[in-house]
Amino acid sequence: MSTESEPKNNNRIILFALILGTFMTALDATIVSVALPTMAEELLQAGHDTSNISWVLLVYTLMLCCFILLWSKLGSNIGYKKVFVVGISIFTVTSLLIGLCGFIEQLGLTAIIILRAVQGIGAGMATAMSLAMVSAYLPKEIRGSSIGAVTLAASAGTAFGPAIGGILTTFHWSYIFFINVPIGLICVFLCLKYMNVPEKLDAAKKKLDYVGAAFLFVMIFALIYYLNEGADLGWTSDIGIALIFVMMIFAGLIFWWEQKVDDPLISLDMLRNTNIRRSCLVGMLLFMAMAGSYLLLPYYLQFVQGYETIEYGFILIANSMGMMVAGPIVGKVADRTGKNKMFVVAGALICAVGFFMLMGFGNGTGLTYILISLFVMGAGIGMALVASTNLSFEYIQEGEDGQLSGITNTFRQAGSSAGVAILNAVFMAFLIGPPAVDLIPGFRHAFFIAMIIALIGFVIAMGLKDKGRSVEA
């Protein structure tokens, strides 16, 4: 009797551990944003220079993004579980150390930034493995719903970050890091105890493509740095143009190198598959619209509607609720039918409708309308992300889970950074004032751009094909 239920229970525990790790690492990409002013003020009072405080956010994003494909390849070579557990362990230890920096005055901003860089490396290792482990460790009959759960954990972590950060910062900013410690320990314990799934590793593919990794690091570093700092540097300043130049040169070097190396870091054959490429692009576009809107929504709720941090934190949960309602349903239907395209198309369109509703936000907008708009947008994102991820995993061969997981997450992280930069630039460009600054035109134009981005995702999704109907390589 226990023999039949044990594998099912193990599957649930494995999935829960992956959800914990994914949610926690995604949360830390946004949870810090609301704490930066408090952190800067406290460090300044302790006599530390805080001119580089924005690097607490930026260095995490850079380290997370730049090495995802390297960790994906490493996981394929030595085992997904090893890389995931090491990543969560690094993340947990550095979270504790960063939190302690808040109570040890001698440790200033430089120590926090260095630790955040290491924390980002740990987060990247865990992020790179999450989808691969779902595909490799869990039975095919529950893969759609499991991919949906992990995908939603990443989206929900990003969405909940500002709200949870606002609540914890009312006690002390260190708690936004301390909260990771018990979650990380539970995650590592569950992995070590229950994640005993044999992996098929190719002994011949043990050599890592370090040259490709170096080229990729420089390209992604230049891209993310430009997107995050372009507004301050000047989009067409000498440094800005130099960053674009470096990014394009190294993108070309990557394509040249990856075609001549025996065991490439990036599978160009995988990216040549139309359905994988389109699925990744849809995910990138939706993360672009989603991350950009998450940056602006707290400002609307606080400065236009007058809500306190805790209040607007709970309001923003409506968005995550939309994801959590739609995503699992899509995953379960996909498990039964193998149909994903219709959900990607419908999800992108519903997401665009949600942003159209957000364009109606004004000074006197009622709470009910705000909640419904956020729910609709979240439901569309949850539906499309789950289905597009599931569809792309239908087109890979055995042993390619790690590479696709890395490519998928790299596209999403790049989209997230681009979305924050684009929507923030649009918002700032359409502010009216002084003497009295009117924020509404800025929000309306930014959400209009988010709607256009979602509609582009809809158009791309129309070209997808479910594998059961037609295989296109």
Side-chain angles (χ1 to χ4, degrees), residues 8 11-20 22-23 26 130-131 133-135 137-160 275 278-280 282-283 285-287 289-290 293-294 316-358 371-395 405 408 412 454-455 457-458 460-462 464-469:
K8 287 185 180 179
N11 290 337
R12 291 193 192 101
I13 294 170
I14 289 171
L15 180 58
F16 180 65
L18 293 174
I19 288 171
L20 272 185
T22 303
F23 179 82
S130 56
L131 291 173
M133 292 167 80
V134 170
S135 179
Y137 288 7
L138 299 175
K140 193 172 176 63
E141 56 270 18
I142 62 166
R143 188 170 71 178
S145 54
S146 301
I147 283 176
V150 172
T151 299
L152 291 177
S155 307
T158 307
F160 277 111
N275 290 286
R278 285 177 179 270
S279 295
C280 288
V282 170
L285 289 165
L286 292 180
F287 260 78
M290 178 178 71
S293 65
Y294 288 166
L316 290 173
I317 290 174
N319 184 260
S320 300
M321 291 303 295
M323 293 181 199
M324 291 174 187
V325 169
I329 294 171
V330 170
K332 285 175 184 174
V333 173
D335 284 335
R336 288 201 311 269
T337 66
K339 304 295 182 186
N340 287 287
K341 175 187 172 176
M342 60 181 180
F343 292 116
V344 186
V345 171
L349 193 56
I350 291 168
C351 177
V353 171
F355 282 117
F356 176 76
M357 294 175 72
L358 261 61
L371 292 172
I372 292 171
S373 303
L374 293 173
F375 184 89
V376 170
M377 187 258 280
I381 287 174
M383 191 182 292
L385 282 179
V386 169
S388 62
T389 308
N390 200 33
L391 188 147
S392 64
F393 271 86
E394 294 290 336
Y395 282 88
S405 179
T408 300
R412 289 177 179 179
L455 287 173
F458 163 77
I460 293 173
M462 290 294 287
L464 289 169
K465 291 184 180 179
D466 288 309
K467 192 176 181 185
R469 292 196 305 245

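Just the heavy atoms: all of them, side chains too, but no hydrogens, waters or symmetry mates, feed the values below. Everything numeric in this text was worked out from a predicted model, so none of it was measured.
- Across all non-hydrogen atoms, the minimal contact from Ser130 to Thr22 is CB-OG1, 3.5 Å.
- Atom-to-atom distance recorded for Met377:CE and Asn319:CG is 4.0 Å, nearest 0.5 angstrom.
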Can you list the steps and then say if Tyr395 with Lys465 is a side chain to side chain contact (heavy atoms under 4.5 Å, CB included)? CA-CA 10 Å; Tyr395 282 88; Lys465 291 184 180 179; 4.2 Å; yes
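- Annotation for Met290 and Met323: closest pair SD-CE, 3.7 Å, computed over non-hydrogen atoms.
- In this structure, Leu18 CG and Ile13 CD1 are separated by 12.0 Å, a value rounded to the nearest 0.5 Å.
- Thr151 places a side-chain heavy atom less than 4.5 Å from the side chain of Leu131.
- At a threshold of 4.5 Å between non-hydrogen side-chain atoms, the residues Phe287 and Leu385 count as touching.
- Residue Gly338 comes nearest to Asp466 through the heavy atom pair O-OD1, 3.7 Å, listed as atom of the first residue, atom of the second, then distance.
- Residue Ala326 comes nearest to Ala379 through the heavy atom pair CB-O, 3.4 Å, listed as atom of the first residue, atom of the second, then distance.
- Of the inter-residue distances, the one linking Leu316 atom CG with Leu371 atom CG reads 9.5 Å to the nearest 0.5 angstrom.
- Pairing each heavy atom of Val282 with each of Gly457, the nearest pair is CG2-O, 3.7 Å.
- Put simply, the side chain of Phe343 does not reach to within 4.5 Å of the side chain of Leu391, judged on heavy atoms.
- Side-chain contact check for Val344 versus Ser279: every heavy-atom pair is 4.5 Å or farther apart.
- In this structure, Leu152 and Gly327 approach most closely via the heavy-atom pair CD1-CA, 3.6 Å.
- Checked by atom type and distance alone, the side chain of Arg412 never pairs as donor or acceptor with a backbone atom of Gly283 at under 3.5 Å.
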Side chain to side chain contact (heavy atoms under 4.5 Å, CB included) between Leu349 and Leu455, intermediate numbers included: CA-CA 6 Å; Leu349 193 56; Leu455 287 173; 4.1 Å; yes
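- Put simply, CD1 on Ile381 and CZ on Phe355 are 5.0 Å apart, with the number rounded to the nearest 0.5 Å.
- Annotation: side chain of Val345 is in contact with side chain of Met462 (closest heavy-atom distance under 4.5 Å).
- Rounded to the nearest 0.5 Å, atoms CE (Met321) and CG (Leu374) are 12.5 Å apart.
- No side-chain heavy atom of Val386 sits under 4.5 Å from any side-chain heavy atom of Asn340.
- To the nearest 0.5 Å, atoms SG (Cys351) and CZ (Phe356) are separated by 14.0 Å.
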